[in-house]
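Naming convention: chains lettered A, B, ... in sequence-line order (proteins, then strands); numbering from 1 in each chain. None of the values given here were measured: they were computed from a predicted structure.
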Protein chains: 2
Amino acid sequence: MPTVRVTVTLKPSLLDSAGRTVAGALSKLGFDEVRDVRIGKVIRLEVERYDEQRVHAMCRQLLANPVIEDYRIEVEP
Amino acid sequence: MPTVRVTVTLKPSLLDSAGRTVAGALSKLGFDEVRDVRIGKVIRLEVERYDEQRVHAMCRQLLANPVIEDYRIEVEP
């Protein structure tokens, strides 16, 4: 059964406050090589049949908010 | 500057209730080909220098909960 990986991330122009918090925490822990952190979601879908257009429709209708988020679709081998 | 992608997912043996909710919503929207959904986090780190052992340490100390989560580290080209 094909597995589809949808990665949803905030658009680059938007401030990622969770990411900034994690960056601050990593810096306090001594990981001073970290310059920037951005956090997104990864949604693994197990589908009976893969149809790219239908996965785009899932993203637009439910999985991502196209106003503030980008998404990427990958089929896992 | 290297970009490191850390993907954090619930261990396969654990129930992913958010994933189950999304699977139910997709099914109600007519996407009946979806058999299973699991949701994880993806954390993109921009680092001044890449040291795999240090990224493992970040995961163990902050980014993942090793009791219930698995993580995977990839360096983006």
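Cluster membership for B/Leu26 and A/Val75, using ILVMFWY side-chain heavy atoms within less than 4.5 angstrom, is shared. Cluster membership for B/Val42 and B/Val37, using ILVMFWY side-chain heavy atoms within less than 4.5 angstrom, is not shared.
For B/Leu62, the part lying near chain A is the side chain, with the backbone staying farther off; criterion is any non-hydrogen pair under 4.5 Å. Both the backbone and the side chain of A/Asp32 come within less than 4.5 Å of a heavy atom in chain B.
Expressed to the nearest 0.5 Å, how far CZ of B/Arg72 lies from SG of B/Cys59 amounts to 12.0 Å. Here the straight-line distance linking atom CD of B/Glu52 with atom CD1 of B/Ile73 works out to 6.0 Å at 0.5 Å rounding.
In this structure the side chain of B/Tyr71 never reaches within 4.5 angstrom of the side chain of B/Leu63, judged on heavy atoms. Taking 4.5 Å as the limit, some side-chain heavy atom of A/Val34 sits within range of a side-chain heavy atom of B/Met58.
Here the closest heavy-atom approach between residue B/Arg60 and residue B/Pro66 is recorded as O-CD, 4.4 Å.
Identified by a heavy-atom distance below 4.5 Å to chain B, the contributing residues of residues 6-24 of chain A are A/Thr7, A/Val22, in residue-number order.
Few gaps surround CZ on A/Arg5; more than 12 heavy atoms of other groups in view lie less than 6.0 Å from it.
The candidate with the highest count of non-hydrogen atom pairs below 4.5 Å against chain B, out of A/Gln61, A/Glu33, A/Arg49, is A/Glu33. Note: B/Leu45 leads B/Leu45, B/Thr3, B/Val4, B/Val55 in heavy-atom pairs under 4.5 Å with chain A. Among A/Arg54, A/Arg38, A/Lys41, the residue with the largest count of heavy-atom pairs under 4.5 Å with chain B is A/Arg54.
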